[in-house]
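Take a look at the structure below.
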Amino acid sequence: MFRAAKLLCAVLLASASAGHAAPAPDLRAQVVIYGCTPAGITAAIAVKRRGHNVVLACRDGWIGGMSTNGLGYADAGDHKAIGGLARQFYRDVKSYYAERHITDIPAPQRHPGIANDDRDTQWVFEPHVAEAIYRNWLTRNGVVPVYDFKLRLDRSGVVVRGGKVREMIAEDGRRIAGDLFIDASYEGDLMAMAGVSFTIGREANAQYGETLNGNQPRNSVSHNFTRDVDPHVVPGKPESGLLPRIEPGPAGVEGAGDKRIQAYTYRLCMTKRPDIRAPFVKPAHYDPRQYELLARYYDTGWRDPFTKYDAIPNGKTDTNNFGGFSFDNIGMNYGYPTGSYAERERILAEHRDYQQGLLWFMQNDPRVPADVRAAMAPWGLCADEFRDNGNWPREIYVREGRRMVSDFVMAEKHLRGQAPTPQSVGLGSYNMDSHNVRRYVDARGFARNEGNIEVSPGRVYEISYRSLLPRRGEARNLLVPAAISASHIAYGSIRMEPVFMILGESAGIAASLSLRSQGDVQDVPYEALERELVAAGQVLHQPK
């Protein structure tokens, strides 16, 4: 009787547990990748080529990250440091234009001391060309992206058991399970929801023994005001308050840490070609007062607003920020990295309004000098780009979101060669580059930007496999090739799209080795990883 009662109780408990069990995943794969950035795409291809099944989940309805959303003037640094699938991308760009007999190919800017052999590559391209190449890659390798998979941005979005990520769950309830996960998002959403340590903003210089991190009022020389501009509502009257987008100051302590992040912008594809020119649209919330500081800057005689309209093929541009007041929406993105989707959309909408309003202001507002309006008049958006989004880029340039904090943090000393970098999985070479993080009133009472740093590391440098790995106690089957473990200023150099492709491919190869050995990603033998990376054409050490 007692045994029968126990058996009945067990059956009832099992039934109850089954009734509350998590639903079966909609998809399962050996490797699950979150983020259809260039890092996510190269990771997926690397995994698939090594015989594993893979799911590539896109947060949105497109692929390619910034490479397909306006950043067509590649920030590549030393081209000889780029190998593997990353280099193949730029070879495919060259082939695309050559096959179509398009010869309007602007030469990219050369960096001092770098002489590159570019006979087989091309480093400038239109957004739709990058998208076509990536789509072709995925199709040829049998990778079918899962679109509009918006990860739940709380701890319910990722199932972790036994120190391993098991599933990720979208806002709409879809579930994807896997044996190994790769977070290829710019924001680091997957690793954060899995409980992996991360940071936001600028560390103090003292934290990692750096010189270019933290608050930088003294070193913020570029993209600053070159003439005195009064920031007060009524010039000369501080009691009247400040114009929009300006903090009161003071400059603060040099090198002190804070949570500020470098400014975001939409990298616009613009043209003067009448046959494909789409006029700028006046935003519904247009407010010319947002640009009064720029008008006053023009009043001083400043006239360099068109310097970063970098030419790409077919009479188009990759339009970037330039000067003291430009397309960077300084200080208005602080809530984005950890924000909800609703909060992020509010920030994105504000950025669109700011940038669209700035274009309208420069082209139409009588407060703008006539010569500037005349110079701006021929410009418009490209009618053959982003046709599903009013010719506006679908994605903003998230120059910096979360950054993982692991047992190894890439820092300024590693980039400069002042400390060893173990277990190289790729190279970087671009300037340690941070855009401004705030605009404030300096001690003399004028507008000043702070945070812009553009300092060469002085060398090609190695990026450690360990910077892609969470701490073992936090996740044993997760790789992070985009929001890697790096200080703010080191990340400012690493965060380039060619490097993300390199690190994504390396993460995919490491994932394959981890699956084959059935061990943790932290235990992948570097000697085996190095052999496979070299075989894949990756460049791991100083090119000769």
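Computed from a predicted model, the values in this text were never measured in an experiment. Sequence positions, counted from 1, serve as the residue numbers for this chain.
- Gln522 and Tyr465 are not linked by any side-chain donor-acceptor pair at a separation below 3.5 angstrom, with hydrogens and angles left out of the test.
- For the pair Glu450 and Val437, the minimum side-chain heavy-atom distance is below 4.5 Å.
- Judged by distance alone, the side chains of Asn53 and Arg28 never bring a donor and an acceptor atom under 3.5 Å apart.
- Under the 3.5 Å distance criterion, with hydrogens and angles disregarded, a donor-acceptor pair is assigned to the side chains of Asp154 and Ser156.
- With hydrogens and angles ignored, the 3.5 Å screen pairs no side-chain donor or acceptor of Ser514 with any backbone N or O of Ala510.
- Listed by first then second residue, pairs satisfying disulfide bond (SG atoms under 2.5 Å apart) with a partner in residues 183-217 number zero, not counting sequence neighbours.
- A donor atom on one side chain and an acceptor atom on the other are not found under 3.5 Å apart for Arg202 and Asn213.
- Scored by the ring pair (Phe, Tyr, Trp, His ring centres under 6.0 Å) test, Phe149 finds no partners at all (sequence neighbours excluded).
- Ser406 and Ser485 share a side-chain donor-acceptor pair at under 3.5 Å.
- Put simply, the side chain of Val398 reaches to within 4.5 Å of the side chain of Ile396, judged on heavy atoms.
- By the 4.5 Å heavy-atom criterion applied to side chains, Val146 and Cys58 are not counted as neighbours.
- Relative to the six-membered ring of Tyr440, Arg448 misses at least one condition, a distance below 6.0 Å or an angle of at most 45° to the axis.
- With values rounded to the nearest 0.5 angstrom, Asn436 atom CG is found 5.0 Å from Asn452 atom CG.
- Looking at Asp92 and Lys94, no side-chain N of the basic residue comes within less than 4.0 Å of a carboxylate O on the acidic one, giving no salt bridge.
- With values rounded to the nearest 0.5 angstrom, Met191 atom CE is found 6.5 Å from Arg402 atom CZ.
- For Tyr134 and Phe89, the ring centers are positioned less than 6.0 Å apart.
- Under the ring pair (Phe, Tyr, Trp, His ring centres under 6.0 Å) criterion, Tyr336 pairs with Tyr264, sequence neighbours left out.
- Applying the ring pair (Phe, Tyr, Trp, His ring centres under 6.0 Å) criterion to His223, with sequence neighbours excluded, gives Phe322.
- Between Arg260 and Asp258 there is a salt bridge, with a side-chain nitrogen of the basic residue lying less than 4.0 Å from a carboxylate oxygen of the acidic one.
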task = Kindly indicate, with the supporting measurements, whether the criterion salt bridge (charged side-chain N to carboxylate O under 4.0 Å, His left out) is fulfilled by Lys80 and Asp78.
result = CA-CA 5 Å; Lys80 298 189 298 298; Asp78 190 330; 3.3 Å; yes

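- Asp179 places no side-chain N or O within 3.5 Å of a backbone atom of Leu515 that could act as its donor or acceptor partner.
- No side-chain heavy atom of Tyr73 sits less than 4.5 Å from a side-chain heavy atom of Phe125.
- In terms of the salt bridge (charged side-chain N to carboxylate O under 4.0 Å, His left out) criterion, Arg466 has no residue partners (sequence neighbours excluded).
- Taking the side chain as every heavy atom from C-beta outward, Met168 and Met193 never approach each other to under 4.5 Å.
- With salt bridges taken as basic N to acidic carboxylate O contacts below 4.0 Å, one links Asp523 and Arg472.
- Using a 4.0 Å cut-off between a side-chain N of Lys or Arg and a carboxylate O of Asp or Glu, Arg344 and Asp189 qualify as a salt bridge.
- Shown here are the salt bridge (charged side-chain N to carboxylate O under 4.0 Å, His left out) partners of Arg495, two or more places apart in sequence or in another chain: Asp433.
- A side-chain donor from one of Ser493 and Tyr461 sits under 3.5 Å from a side-chain acceptor of the other.
- A ring-ring contact (aromatic ring centres under 6.0 Å, His included) check over residues 41-64, counting only residues at least two apart or in different chains, returns nothing.
- For the side chain to side chain donor-acceptor pair (under 3.5 Å) test with Ser487, the passing option among Glu412, Glu210, Arg403, Lys413 is Glu210; the others fail.
- Taking 4.5 Å as the limit, some side-chain heavy atom of Leu85 sits within range of a side-chain heavy atom of Ile45.
- The 12-atom threshold is exceeded at CD of Gln418, counting heavy atoms of other residues, nucleotides or ligands nearer than 6.0 Å.
- Among residues at least two apart or in separate chains, ring-ring contact (aromatic ring centres under 6.0 Å, His included) pairs with a member in residues 467-514 are Tyr186-Phe500.
- Side-chain contact between Arg267 and Thr319 is absent, with no heavy atoms from C-beta onward closer than 4.5 Å.
- Judged by distance alone, with hydrogens and angles left aside, the side-chain atoms of Thr68 form no donor-acceptor pair with the main-chain N or O of Ala130 at under 3.5 Å.
- Every residue two or more places apart in sequence or in another chain that forms a salt bridge (charged side-chain N to carboxylate O under 4.0 Å, His left out) with Arg394 is listed here: Glu131.
- Annotation: salt bridge (Lys or Arg N to Asp or Glu O under 4.0 Å) contacts involving residues 40-69, sequence neighbours excluded, comprise Arg50-Glu532, Arg59-Glu187, Asp60-Lys150.
- Qualifying disulfide bond (SG atoms under 2.5 Å apart) partners for Cys269, counting only residues two or more places apart in sequence or in other chains: none.
- Looking only at side-chain heavy atoms (C-beta outward), Val54 and Val143 come within less than 4.5 Å of each other.
- When only modelled atom types and interatomic distance are considered, Trp137 and Thr139 share no side-chain donor-acceptor pair under 3.5 Å.
- For His414, the ring pair (Phe, Tyr, Trp, His ring centres under 6.0 Å) partners are Phe408, not counting sequence neighbours.
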